[in-house]
2 protein chains.
Amino acid sequence: MDVRQLEYFLAVVDHGGFNRAASALYLSQPSLSQAIRALERDLGSDLFHRIGRRAVLTDAGTALIAPAREAVRSLQLARASVESVHGLRGAGWTSRPRPHRPSSR
Amino acid sequence: MDVRQLEYFLAVVDHGGFNRAASALYLSQPSLSQAIRALERDLGSDLFHRIGRRAVLTDAGTALIAPAREAVRSLQLARASVESVHGLRGAGWTSRPRPHRPSSR
DNA sequence: TTTAATTACGAACGGCGTAATGATC
DNA sequence: GATCATTACGCCGTTCGTAATTAAA
């Protein structure tokens, strides 16, 4: 699984279809379709019912929405945490380097 | 950024070095080194001070630990949420399919 | 000299776009 | 026929391992 795939999944959910989602992601429909397929294969469950040319959420898909948003959010937070250490740029040198258990072994 | 990279990062932190971490991940040291480099480049900050042959956390690296664990955890939770819908396997068919705003446009 | 980390290079994999196919409205 | 989704195929970027290099203990 991959966060990028979750973002794609959420885009399909939020835009109500592969076509709209692909446009919003600046991605081609085939690529999006492949990505979703790969995610479904990885999870072992279909996330959408393909009804003709319409994509409808399965129960598994519905269950994924909330934790997917959470995962995306937590990754953004991780990036923000690093950036908050310094406005941007370079390597700080504040905390004193401590040897990592130089003792046993 | 990528969750895999965060897992690698956490492995280095938890095992106290690239070598140990690489072994634990069943990965070669060079590949791990590259992955960490890529992560640092992506974040715009060094995560470790390279003191001789020792890797010591920078402030940015320290700041990343907690949110990284959170991100990894949330992704595991996302997978678990899908699996919990059915023991494993196939596509459920419970929630009725509703058309996605067939109206305007 | 032994151990830890990096750099160099080549191979394998994955993600993307374009083109072509299937299917529904 | 027009639109939405899927396969087919080729390309490029990324990731990995092996081998060679650097550096510290």
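Chain naming here is simple, since letters A, B, ... match the order of the sequence lines and numbering starts at 1 in each.
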_Check: A60(A) main-chain N/O paired with S45(A) side-chain donor or acceptor under 3.5 Å_ = no
*Please tell me which of the listed nucleotides, dA5(D), dG17(C), dA5(C), lies nearest to the side chain of A55(A)?*
dA5(D)
*From the list dT15(D), dT6(D), dC4(D), which nucleotide is the closest neighbour of the side chain of F18(A)?*
dT6(D)
*Interatomic distance where OH belongs to Y8(B) and P belongs to dT15(D) [whole Å]*: 9 Å
*asked:* Rounded to whole Å, how long is the line connecting atom CG of D2(B) with atom C1' of dG15(C)?
replied: 13 Å
*What integer distance in Å separates L32(A):CG from dC16(C):C1'?*
12 Å
*Please confirm whether the backbone N or O of I51(B) pairs with a side-chain atom of R53(B), one donor and one acceptor, at under 3.5 Å?*
no
*Just by distance, with hydrogens left out, do S84(A) and S81(A) show a side-chain donor and acceptor under 3.5 Å apart?*
no
*Hey, is the side chain of S33(A) poking within less than 4.0 Å of OP1 or OP2 on dT6(D), counting only N and O atoms?*
yes
*Nearest-angstrom distance from the residue atom CD of Q34(B) to C1' of dT6(C)*: 9 Å
*Rounded to the nearest angstrom, tell me the gap between atom CD in E40(A) and atom P in dT7(D).*
10 Å
*With DNA chain C as reference, determine whether Q5(A) or R50(B) sits nearer its 5' end, using the nearest nucleotide of each.*
R50(B)
_Any base atoms under 4.0 Å from Y26(A), or only sugar-phosphate, or nothing? Heavy atoms, all strands._
sugar-phosphate
*Can you tell me the distance, in whole Å, between the CG atom of L39(B) and the P atom of dT14(D)?*
15 Å
*Can you check the L25(B) CG to dA5(C) C1' distance for me, whole Å?*
16 Å
*When every nucleotide of nucleotides 19-25 of chain C is labelled 5' to 3' by its protein contacts under 4.0 Å (heavy atoms), B for base, S for sugar-phosphate only, - for none, what sequence of letters results?*
B----BS
*Can you find an N or O donor on one side and an acceptor on the other, under 3.5 Å apart, linking the side chain of S31(B) with the base of dG17(D)?*
yes
*If only atom types and distance count, is the side chain of S33(A) paired as donor or acceptor with the main-chain N or O of Q29(A) below 3.5 Å?*
no
*So, do Y8(A) and F18(A) have ring centers that fall under 6.0 Å from each other?*
no
*asked:* With a 6.0 Å cut-off (strictly less than), is the heavy-atom count around CZ of R73(B), excluding the residue itself, greater than 12?
replied: no
_Rounded interatomic separation in angstrom, taking CG from L47(B) and P from dA5(C)_ = 15 Å
_Taking L47(A)'s backbone N and O only, do any of them form a donor-acceptor pair with E40(A)'s side chain (distance below 3.5 Å, no angle check)?_
yes
